[in-house]
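What follows is one structure encoded as structure tokens, with my remarks underneath.
Remember, it's 1-based here, ligands and their atoms both numbered in the order they're listed.
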Amino acid sequence: MVKLRGSDTSYRIGKVVCLGRNYADHIRELGNEMPSRPVLFIKPASSIIGAGDQVVIPPYSQECHHEVELAVLIGRRAKDLTESSALQYVAGYGVAIDLTLRDVQDDLKKQGLPWEIAKGFDTACPLSDFVPAAQVADPQALRITMRVNGELRQDGSTALMLRRIPQILREISAIFTLEEGDVVLTGTPAGVSAIASGDRLLAEIEGVGSLEVTVA
Ligand code: ZN
């Protein structure tokens, strides 16, 4: 369950739909191509952990990367949204970390295989509580940062998204019906790097909140 800050409303999360390759500087650092169609994948609800919880890196990986992302909480059922109405379906905004087993993902990519074991493992989706959408004046103008043990690793702005939130929700809802309590992750800026046992991860989005987890 996730909570909307300052209200009694809570949501049961069904699925987390994630957009890859949505910041040009991050596409460049991984040597990927700019996608004409959205790169989408889903993290299961079982991968979610909350503030203060511990990340457990699976034993089949030697390289787990942090990706700080703006999380969008869907407030009601949404299918085939238009861009002009899409933001009306957003209940709130939060902070997420899309943990990614980069070595495993690179291997799967090379073989043309699906990414779930690199992206959807238990604890792969640390997620904060949400701030009501009405309290975020412009979700496309927020500083977004990730610190590991106090050191600044990612420092971007949601202004740099290639696809903005209305377009993301239009494209996703044309494929997957979004239901109340679903969450959409909107991609990560540059600066992703490996984490290790004992690390303390602090993800922050200006005007939205912060999320701290540690690595077991
Ligand atoms: Zn991501």
Side-chain angles (χ1 to χ4, degrees), residues 13 15-35 37-49 55 57-58 61 63-74 93-109 113-128 130 139-140 142-148 153-165 167-169 171-172 175-176 178 182-195 199 201-205 208 210-211 213 215:
I13 299 177
K15 60 184 175 292
V16 181
V17 184
C18 308
L19 180 65
R21 303 182 196 175
N22 200 32
Y23 288 78
D25 52 356
H26 173 63
I27 293 172
R28 253 176 258 123
E29 75 179 346
L30 292 187
N32 285 321
E33 284 172 20
M34 297 270 182
R37 283 199 290 187
V39 176
L40 299 175
F41 56 93
I42 290 181
K43 286 178 183 266
S46 52
S47 67
I48 295 169
I49 58 172
V55 171
I57 301 172
S61 173
E63 190 186 20
C64 180
H65 279 185
H66 55 75
E67 298 186 354
V68 60
E69 311 207 0
L70 177 67
V72 176
L73 176 66
I74 302 301
Y93 296 98
V95 183
I97 307 174
D98 169 17
L99 290 171
T100 304
L101 307 177
R102 194 71 67 198
D103 51 352
V104 176
Q105 186 197 30
D106 285 347
D107 202 47
L108 295 167
K109 274 192 205 168
L113 294 171
W115 297 355
E116 274 83 352
I117 66 167
K119 291 277 201 180
F121 58 93
D122 288 352
T123 77
C125 191
L127 191 63
S128 72
F130 285 76
Q140 305 287 173
L142 308 173
R143 187 180 180 203
I144 177 168
T145 59
M146 166 64 74
R147 287 180 173 80
V148 179
R153 299 267 182 95
Q154 292 185 270
D155 187 3
S157 167
T158 59
L160 301 174
M161 286 186 194
L162 299 173
R163 286 177 154 80
R164 298 164 78 84
I165 295 162
Q167 181 182 355
I168 295 168
L169 296 181
E171 290 178 323
I172 289 176
I175 301 167
F176 306 111
L178 292 168
D182 283 349
V183 171
V184 172
L185 302 193
T186 53
T188 197
V192 300
S193 66
I195 57 172
D199 282 351
L201 277 54
L202 177 62
E204 290 181 288
I205 300 177
V208 170
S210 65
L211 169 67
V213 292
V215 184

Check the side chains of Gln167 and Arg164 for a donor-acceptor pair under 3.5 angstrom, ignoring hydrogens and angles. no
Could Arg28 and Glu33 be called an ion pair, given the rule that one side-chain N must be under 4.0 Å from one carboxylate O? no
Closest to the Zn ion (ligand 1), among the N/O/S atoms of Glu67, is atom OE1
Is there a side-chain contact between Leu178 and Val17, using heavy atoms and a 4.5 Å cut-off? yes
Starting from the Zn ion (ligand 1), look over the N/O/S atoms of Asp98 and name the nearest one. OD2
Of all N, O or S atoms in Glu69, identify the one at the shortest distance from the Zn ion (ligand 1). OE2
Looking just at side-chain N and O atoms, do Glu63 and His65 make a donor-acceptor pair shorter than 3.5 Å? yes
